[in-house]
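Just so you know, ligand 1 is whichever comes first in the structure, and atom 1 is the first atom listed for that ligand.
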Amino acid sequence: MSANLRATAATLCYQVVDQGKSLSDVLPKAQLLFNNPADKALLQEMCFGLMRQLPQLDFVCQQLMSKPLVKQLRPLQFLIYLGIYQLKFLRIPDHAAVGETVEAARYLKGQSMTKLINGVLRSVQRQPELFEFADAPLSVQTNHPSWLVQALQQAYPQQWLEIIAANQQKAPLWLRVNTKRCSVEKFTADLTAMEIGFSQPVPEMPQAILLDKACDVTILPGYVWGFFAVQDLAAQYAAKFLAPENGEFILDACCAPGGKTGHLLELAPEARVLALDKDPARLVRVRENLARLGHEAVIKAADAAEPGQWWDGQLFDRILLDVPCSATGVIRRHPDIRWLRKKPDIAALALLQQQILAAVWPTLKPGGVLLYATCSVLPDENQLQVQRFLDAQPDAQAIPLSASHTASEWQLFPGQAQADGFFYAKLQKKAIA
Ligand SMILES: C[S@@+](CC[C@H](N)C(=O)[O-])C[C@H]1O[C@@H](n2cnc3c(N)ncnc32)[C@H](O)[C@@H]1O
């Protein structure tokens, strides 16, 4: 039996929400089951959309079903969410959305459920008032888990609603021109010749290209020759703020999949970079990405928190510490993150970040610079983390991020400057008097 698109989407969403699997892992493999690019795109659209609207889809179901489907019927519950999602959010004719969803139930061993599914979907068609959420809990109104809404409200009493709204948007496609392989002028001329709409909205970052419309990047000019990398604007600030120089010895302590490693080597092609990551499987991507871009670094699988495993005693001039984090700044790009992260994860991640920061600090030379980065918007991982470090480390001082960003820290919110949510802090080891 060939794969069924809606049954596959429902199964993937079930795997994320009930089994804690990441869409970044399971979706690309599932897309291989479909030859047609439109089917691959629709599968992603359905999974992303369901992740974005899950509480409201569930709230509607609660009003139409006496109890949710459980145990081996759970994937069928997600199929019902998907049916409702299609009716409300996709430009699929209603009769096709209902008919195809009911048909998909057969692929999930749900023959006995087709009447129920049909009934729920018909009710949704007939009762638009089901989609009124003004009196629903905040988690339903915002489509975010309660703990995250509370954390955002507490941290950002003025901006939390904007952050939530940005998380519901689709992320744009940003590229970074690989200036080692291609000038910005040539790349933009090639885009123009191919009639691909783009802009360069940040004057201080001309290599950062924002495409008007997302597309298959392998058709863009010079993909195979490594003329560009796909990288959000916010991530492109990392190398800019670290400001590596030729001849320097640089540590990229949590490097995979290597997006920022490549950028460091574009700014300082003669720098020596040691790129570490704890996860050997992710280092395969680093090797592939650096090879495509034409960059070289020493790549090691190691725990950054255990320098005894990987450090030979030679001090680094600069360190990029792009630590593992909650990824709460990139929810618009990875809408499943809000369901994968749980409240206790934040304290555990903050502890891990603290351990890594303390462990790599001795490997930095006096006068050397460390850039701490996360794609989180939560203060425990960001401002509070850095403040705790500065309080405990008398030889550390905060310094301006760059000539134009004179603060020592920057919390970017998702959607701000059309970028992802990111945090940067720049620290210098005081030179010995
Ligand atoms: C935010 S990602 C890094 C993204 C990367 N800098 C880039 O720009 O492509 C964090 C990385 O930290 C790695 N990691 C987690 N714990 C680590 C540890 N103790 N030591 C080194 N790497 C670690 C993860 O495997 C993950 O690849």
Just by modelled atom types, is the [Y] backbone N or O under 3.5 Å from a matching donor or acceptor in the [X] side chain?
X: Arg282; Y: Ala256; answer: yes
X: Arg292; Y: Phe228; answer: yes
X: Lys40; Y: Phe34; answer: yes

Residue by residue, ordered by chain and number, which ones reach under 4.0 Å of ligand 1 with a heavy atom?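 Its neighbours under 4.0 Å (heavy atoms only) are Ala253, Cys254, Cys255, Ala256, Pro257, Gly258, Gly259, Lys260, Asp277, Lys278, Asp279, Arg282, Ala302, Asp303, Ala304, Asp322, Val323, Pro324, Ile356, given by chain and number.
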Go through it in stages, so that I can follow the logic: the residues are Glu204 and Ser404, the test is side-chain hydrogen bond (donor to acceptor under 3.5 Å, both in side chains), and I'd like the CA-CA distance, side-chain angles, deciding distance and then a yes or no. CA-CA 9 Å; Glu204 63 175 342; Ser404 52; 2.8 Å; yes
For Gly367 versus Gln428, what's the shortest heavy-atom pair and its separation?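 In this case the closest contact between Gly367 and Gln428 is O-NE2, 3.1 Å.
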Side chains of Arg272 and Gln314: closer than 4.5 Å at any heavy-atom pair?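 Answer yes - side chains close enough.
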